[in-house]
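Everything on this sheet refers to the single structure shown next.
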There are 2 protein chains.
Amino acid sequence: MAKAVTVYDVAKRAGVSIATVSMTFRRPERVKASTREIVHAAARALRYVPSASARGLADGRTGALGLFSYDYLVRVEAAAPAGGGPGAGVDPAPPSTVAVEREGPDERCREFPLYVDEIQHGMELACLEHGYALMIGGPSHVSPSTTIADIAGRVDGLAVFPQTLPTEALERIAGRIPVVAVSEPPCDDRLSHVTVDNRGGTRAITEHLIHEHGRRNLIFVGGLNPAEQRARFSGFQDALRAARLRVPRKPLVPPTRVTGTGRSAIELPAGFPLPEAIVCATDDVALDVLDILADRGVDVPGRVAVTGFDGIAAGRIVRPALTTVRQPMIEMGQAVVDILRGRIEDPDRPPEVRELPVRVVLRESCGCRPRAGIWRAG
Amino acid sequence: MAKAVTVYDVAKRAGVSIATVSMTFRRPERVKASTREIVHAAARALRYVPSASARGLADGRTGALGLFSYDYLVRVEAAAPAGGGPGAGVDPAPPSTVAVEREGPDERCREFPLYVDEIQHGMELACLEHGYALMIGGPSHVSPSTTIADIAGRVDGLAVFPQTLPTEALERIAGRIPVVAVSEPPCDDRLSHVTVDNRGGTRAITEHLIHEHGRRNLIFVGGLNPAEQRARFSGFQDALRAARLRVPRKPLVPPTRVTGTGRSAIELPAGFPLPEAIVCATDDVALDVLDILADRGVDVPGRVAVTGFDGIAAGRIVRPALTTVRQPMIEMGQAVVDILRGRIEDPDRPPEVRELPVRVVLRESCGCRPRAGIWRAG
DNA sequence: GTACAAAATCTAAGCGCTTAGAAAGACTAA
DNA sequence: TTAGTCTTTCTAAGCGCTTAGATTTTGTAC
């Protein structure tokens, strides 16, 4: 790689000062057309590429937004060849021979795209639309402690998923650049938040189970910890209460184990008494439940109805297709960017909390019938 | 937002020089433990976040890799509320009411994750694994011409999809940082390339159609332009030639129109004579073909078999599920990062071309039977 | 040709960090 | 005590760019 070409080189070749070179790129209209042409020619000839670091340092903005995402670490491991089964790793066959196979069990499609990926995608779209670059980072084993500051230092605004960063680090970063958390706001903090109607969504899907499918004996599985999941449980309680059914105090939180491919899945005790419906805190939990019930030969939705929450892509693929509460993930990502942009423009604007609506998507696992012609779109 | 805290502030508060502050973060082992503690305390108290721009400028590396992706522009538009149908935009219902609906036709799931998204995902995983941040950009309407240099200037290495950047721009950037193109290499250029066995893959899937399903009258649809698609057509020809069937000179490239949601889809003339099998240049084309055949009431795979190429997620969801040639997209993303890292470490290393193997994935659209229990994984 | 305003360009001072190499301290051995 | 050796810290010189404000050029009106 050749030594980096700088404004100085371009200026010399064009016979102007470095200020003029800079002006030519930042505010072309202030430079005489003929000069502009000369400078561009010089830049082209020298293959000049301006250094964003220098610019960022000089004008105090980077032109990028950041996303600090979680669970990547886990997925790095899961994506590594796990030995066994097709689809687990890189094909060792000689390149000249093309492997041919039926599609078998493949957990990987359950790992991408996930909830976080779709939100990220929304951010990508919005960033591009507004001329920002998107910088993606996450907790890394290479420099576990540095990364936070590292990524925070190179963007003008940062989005984080809950529980990716210690509160102290967040506060620290939020003191320097705008930060929005993709999560329910706790009682109070200095951050902006983008969240959804977790409670209302779960209430609605639970009521659907009760009123449209006549289920009276329902349980809620998973999710004791994150605020969102607690809110969802409340929605479940709301629905039972309104229907005058028995209201449990706590969700059922089954233990988890690690599957062959490194994913952690929930477990249900063998003698588990089956309810008429299982409302799950997340799609991920629901998919596990579906697996377990299939293993035991339980008819879903005939004997037990199952629902999820999130609306991840895998829920459409599974049979029976998963009825769920879909979060508007793309829009959430866009909202994140929107808030960030606002606060970058006006640093004094106070943190903002934006709650987006959800929608219940009826598929097969609740007992609704599939709709024909899904793919006749256009 | 408070005024930015710098090394100077931390140094003053800790009673040391800025060099010591810097050392404390970059090479902690060279600083006396007690000093280190004092500096950290000061940094914490002041909420110091180091500026990556300054660091990048000073040491000449940014610690980030870039991906210049395409078609985002198109997708930004497609994602905008298109007016009509559920799922087209943001739900206008009042936040307190949760919408409940059956899942209807929804083209959006065909837009994400796409081929590029999965490669990007592979890059994300690899970047995180090696302590790099990933910077994502693409052609933007905001500053169409600037962006290239903009993103090139802030990363240590760049990946690009074909036809995202004019060759001249690529050469320019490649003169400053390592660049790898995710595409078949043209006769020669100064870039590294990551690609797959396009020709062999198509040959294999075509031979499957011929030998396992007895199809003798096959056509190839789509893809005249990009090098990859041309290579795939060659593979198609190879298979026909080997089977002593009539070998067409050119692929069929149908005109395209724009659908209601802004996506562009191919069209087949009404009186189109049906072959026994349609080998498509990409999954995207294959999904269009499936739509068209469904519209006309043609039995797939009974009357006509259809295959794709890529292995995008939507191909599993569609009915009949799409038989295709799957590219190892995650691995490709990882290979990209791998090459980039190598060339960053050793700038004199010559550009590298890496071809990864593909695999034929048999699903329903070729006439193979679905396999039971896909979801009983774990 | 002169006076003055507007346009174009330049000079110079940072932006916040890293890192040689110099200086100062702390120990050790004689 | 003194010289010699590490270890720790500091001084100072950039890194490549932006941008006030100064200076020069150009254009206009008389």
Side-chain angles (χ1 to χ4, degrees), chain A residues 1-40 42-43 46-64 146 149-150 152-156 176-177, chain B residues 2-40 42-43 46-63 146 149-150 152-156 176-177:
Chain A
M1 221 55 35
K3 198 86 213 79
V5 173
T6 73
V7 266
Y8 295 96
D9 305 310
V10 177
K12 186 185 295 174
R13 170 146 186 159
V16 298
S17 76
I18 59 163
T20 301
V21 175
S22 181
M23 273 299 178
T24 302
F25 291 105
R26 320 293 323 139
R27 263 187 268 290
E29 71 285 359
R30 290 203 196 161
V31 175
K32 193 165 44 163
S34 58
T35 313
R36 211 187 300 152
E37 202 25 69
I38 294 172
V39 172
H40 274 133
L46 296 173
R47 304 190 163 186
Y48 169 65
V49 176
S51 149
S53 296
R55 163 141 81 248
L57 179 56
D59 77 0
R61 31 177 44 247
T62 64
T146 337
D150 266 11
R154 51 183 149 210
V155 296
D156 296 330
R176 179 155 187 188
I177 56 174
Chain B
K3 197 85 214 81
V5 172
T6 72
V7 264
Y8 294 96
D9 304 311
V10 177
K12 186 185 294 175
R13 172 150 186 155
V16 300
S17 76
I18 59 163
T20 303
V21 175
S22 182
M23 274 299 179
T24 303
F25 291 105
R26 318 292 325 142
R27 263 187 267 288
E29 72 285 358
R30 289 202 194 161
V31 175
K32 189 160 52 159
S34 58
T35 313
R36 211 186 302 151
E37 202 25 68
I38 293 172
V39 172
H40 274 133
L46 295 174
R47 305 187 158 184
Y48 169 65
V49 176
S51 150
S53 295
R55 160 139 84 249
L57 179 57
D59 76 2
R61 29 178 44 248
T62 65
T146 337
D150 267 10
R154 50 184 152 211
V155 297
D156 296 330
R176 177 154 189 187
I177 55 175

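Scope of the values below: all heavy atoms of this structure, side chains included, with no hydrogens, waters or symmetry mates. Chain letters run A, B, ... following the sequence lines, proteins first, then strands; residues in each count from 1.
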Requested in this report: Could you tell me whether Thr35(B) contacts a base, only the sugar-phosphate backbone, or nothing, with contacts defined as non-hydrogen atoms closer than 4.0 Å?
Outcome: sugar-phosphate
Report summary line: What one should report as the nearest heavy-atom pair of Arg55(B) and Pro50(B) is NH1-CB, 4.4 Å
**Report entry** d(NZ, Lys32(B); P, dA24(C)) in whole Å
**Finding:** 17 Å
Query raised in the report: Contact class for Arg27(B) vs. all strands (heavy atom < 4.0 Å): base, sugar-phosphate, or nothing?
Result: sugar-phosphate
**Report entry** Neighbours of DNA chain D within residues 14-23 of chain B, by heavy-atom distance under 4.0 Å
**Finding:** Val16(B), Ser17(B), Ala19(B), Thr20(B)
Query raised in the report: Where the side chain of Thr6(B) is defined as all heavy atoms beyond and including C-beta, which of dT9(D), dG14(C), dC17(C) is the nearest nucleotide?
Result: dC17(C)
Report summary line: Of the listed dG16(D), dT9(C), dG16(C), the closest approach to the Val7(A) side chain comes from dG16(D)
Query - Between P of dG16(C) and CG of Asp59(B), the distance in whole Å - result: 17 Å
Query raised in the report: Is any side-chain heavy atom of Arg47(B) closer than 4.5 Å to a side-chain heavy atom of Val5(B)?
Result: no
**Report entry** Closest contact, heavy atoms only, Arg36(B) versus Glu29(B)
**Finding:** NH2-CA, 4.4 Å
Query raised in the report: Tell me: CG of Asp9(A) to P of dC15(D), nearest whole Å?
Result: 11 Å
Requested in this report: Could you tell me which non-hydrogen atom of Ser53(A) sits nearest to which non-hydrogen atom of Leu57(B), and how far apart they are?
Outcome: CB-N, 3.6 Å
Query raised in the report: If you look at every heavy atom in Val21(A) and Val16(A), which pair is closest and at what distance?
Result: CG2-CG2, 3.9 Å
**Report entry** Nucleotide nearest Ser51(A) when distance is taken to its side chain, options dG16(C), dC17(C), dG16(D)
**Finding:** dG16(D)
**Report entry** Spacing between Arg26(B) atom CZ and dC15(D) atom P, to the nearest angstrom
**Finding:** 19 Å
Query raised in the report: Under 4.5 Å between any side-chain heavy atoms of Thr35(A) and Thr20(A), yes or no?
Result: yes
Query raised in the report: Where is the tightest heavy-atom contact between Tyr48(A) and Thr6(A), given as atom of each residue plus distance?
Result: CE1-C, 3.7 Å
**Report entry** Nearest-angstrom distance from the residue atom CD of Glu29(B) to P of dC6(D)
**Finding:** 19 Å
Query raised in the report: Taking atom types as they are modelled, is there a donor-acceptor pair under 3.5 Å from the base of dC17(D) to the side chain of Tyr8(A)?
Result: yes
**Report entry** Distance in angstrom units between Arg61(B) CZ and dT19(C) P, rounded
**Finding:** 10 Å
Requested in this report: Could you pick out which residue, Ala58(B) or Ala33(B), lies toward the 5' side of DNA chain D when each is mapped onto its nearest nucleotide?
Outcome: Ala33(B)
Requested in this report: Rounded to the nearest angstrom, tell me the gap between atom CG in Leu57(B) and atom P in dG16(C).
Outcome: 12 Å
Report task. Using whole Å, report how far CZ of Phe25(A) lies from P of dC17(D). Result -> 9 Å
